[in-house]
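First up is the structure itself, then whatever we jot down about it.
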Number of protein chains: 2
Amino acid sequence: MELSATAYVILGMVSREARSGYEIKVLVDETTRFFWAASYGQIYPELKRLAEAGLIEGADAPRGKRKRTVYAITPQGEAALKEWLRQPPATYELREEGLLKLFFAGVLPREEAVEVVRSMRGYRAGQAEQLRALEPKAREKEEAGEPFPLIVLRGGIEFNERLVEWCERTEAELLELDTPEPSR
Amino acid sequence: MELSATAYVILGMVSREARSGYEIKVLVDETTRFFWAASYGQIYPELKRLAEAGLIEGADAPRGKRKRTVYAITPQGEAALKEWLRQPPATYELREEGLLKLFFAGVLPREEAVEVVRSMRGYRAGQAEQLRALEPKAREKEEAGEPFPLIVLRGGIEFNERLVEWCERTEAELLELDTPEPSR
DNA sequence: ACAGGCATGTAAATAGTTACATGATTCG
DNA sequence: CGAATCATGTAACTATTTACATGCCTGT
């Protein structure tokens with residue numbers, strides 16, 4: 001049975017403790033989101049499919065009077081997760097509209113091309129900040145014996161910081177294109 | 001009229017000279033692919049839509065006896081492209097299965113977690129190499145007065161090289177987790 | 001003669017987002 | 001009381017990939 005990578009996100013998210021669809025969504029937004037997002041429109045139907053396939057198991061777990069279903073991984077689910085983890089990763093996709101605009105920025109006046117890079121820089125700086133705000137939680141997990149979330153998060157922070165740097169250099173480069181060093 | 005970012009890829013690709021769908025696909029694969037891909041299934045239908053909307057114009061341009069249609073941008077198309085370029089970029093997506101696997105690698109024995117990072121490193125090293133192979137073409141364009149493709153390409157090379165570095169550091173870090181410095 | 005590249009296209013499937021609907025509970 | 005958060009879900013839409021079909025032309 002073929003599962004999508006998003007199915008494995010869910011499998012991974014319930015592999016340590018049982019969680020509700022809502023909790024999975026919140027967790028995804030706090031952790032994997034910057035390199036693998038998932039929406040309710042994927043999560044809830046996928047939970048049903050995984051339960052039908054016997055890879056997870058739902059159980060009623062109301063909070064007070066509020067209905068709630070949490071899903072736990074089954075032994076088959078854990079086997080499937082591990083098998084997937086052992087396969088070499090296949091998906092590597094980047095969609096960066098800023099780079100796309102920059103690529104075509106030759107049709108714009110120079111000042112507007114610089115503006116594209118500035119937008120990218122602003123976004124990446126904000127992103128780095130948001131990720132840094134998540135560090136304390138990840139550090140707690142690390143102290144509890146789960147080192148990977150923190151490793152990945154730090155990778156994300158670094159990635160964004162490097163991009164900010166690159167944007168700064170590129171901005172400078174673009175400005176120099178207009179006012180070349182006087183060659184004496 | 002709302003256009004997808006992929007529509008603008010096409011608009012940009014025909015903005016300097018008239019090109020066929022096939023040529024656009026080849027060009028995309030050689031240039032924007034690493035941050036914005038496009039398949040035939042998108043390109044050909046989109047060419048029709050753009051032509052109907054009057055943003056590009058098709059013309060027969062057979063090569064020998066082989067039929068061929070090239071599309072050129074119209075003034076309205078150029079206006080639409082420029083307007084889009086002036087909007088701040090909105091799409092920033094990364095889907096990296098390797099990071100996803102690493103995030104969940106706590107359920108694997110340590111050696112297999114390292115393997116995930118090694119796969120990522122291998123992929124990124126190969127990617128950097130492929131992009132470096134495209135540099136000569138981009139440099140030609142630069143010499144012809146189009147500096148942006150080279151700027152973007154160099155960004156891509158750098159991005160991949162940094163990731164390779166990060167993978168190396170992370171591999172070392174993971175190995176140390178198992179054999180901690182003897183604290184004396 | 002055949003392989004490989006040029007060239008155009010479509011159908012089907014999969015993936016993913018967005019927006020909406022519904023209702024309970026908690027906190028200020 | 002009202003806002004925010006918890007909680008579950010679906011419908012409609014958009015995007016995108018994959019695989020296939022077709023056929024010409026060029027070089028070996």
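So that the names make sense, note that chain A is the first sequence line, chain B the second, and so on, each numbered from 1. This one's a predicted model, so the numbers in the text were calculated from it and none came from an experiment.
- Side-chain N/O atoms of Q42(A) and T6(A) include a donor and acceptor closer than 3.5 Å.
- Distance CG (L100(A)) to C1' (dA15(D)): 15 Å, rounded to an integer number of Å.
- Between I43(A) atom CD1 and dA19(C) atom P the separation is 17 Å, expressed in whole Å.
- Screening Y123(B), F159(B), F34(B) against Y92(A) for a ring-ring contact (aromatic ring centres under 6.0 Å, His included) leaves a single residue, Y123(B).
- Side-chain N/O atoms of K48(A) include one lying less than 4.0 angstrom from OP1 or OP2 on dT10(D).
- Per the geometry, CD belonging to E93(B) stands 12 Å off P belonging to dA15(D), to the nearest Å.
- The distance between atom CZ of R19(B) and atom C1' of dT8(C), rounded to the nearest whole Å, is 18 Å.
- With hydrogens and angles disregarded, a donor-acceptor distance shorter than 3.5 Å links the side chain of K101(B) to the backbone of W84(A).
- Along DNA chain C, the nucleotide nearest to A38(A) and the one nearest to L47(B) differ in position, and the one closer to the 5' end is contacted by L47(B).
- S20(B) and E23(B) form a side-chain donor-acceptor contact under 3.5 Å, judged by distance and modelled atom types alone.
- Residue R66(A) has no polar side-chain atom (N or O) positioned under 4.0 Å from OP1 or OP2 of dC6(D).
- We find that OH of Y44(A) is positioned 13 Å from C1' of dT22(C), with the value rounded to whole Å.
- As rounded to whole Å, 10 Å separates atom C1' of dA15(C) from atom CD of E46(A).
- Separating the CG atom of L27(B) from the C1' atom of dA7(C) is a distance of 15 Å, rounded to the nearest angstrom.
- With hydrogens and angles disregarded, no donor-acceptor distance shorter than 3.5 Å links the side chain of K141(B) to the backbone of P149(B).
- Contact between the side-chain N/O atoms of R63(A) and the OP1/OP2 oxygens of dA7(D) is found at a separation under 4.0 Å.
- Between S20(A) and dT8(D) there is a side-chain polar atom (N or O) within less than 4.0 angstrom of OP1 or OP2.
- Listed pair Y22(A) / dT8(D) fails the phosphate criterion, with no side-chain N or O lying under 4.0 Å from OP1 or OP2.
- As a whole-Å value, the separation of E30(B) CD from dG5(C) P is 13 Å.
- Of the candidates dG9(D), dT10(D), dT17(C), the closest approach to any side-chain atom of Y71(A) belongs to dG9(D).
- Of the residues near DNA chain C, Q42(A) and Y40(B), the one whose nearest nucleotide (by heavy atom distance) lies more toward the 5' end is Y40(B).
- Using a 4.0 Å heavy-atom cutoff across all strands shown, G64(A) reaches no nucleic acid atom at all.
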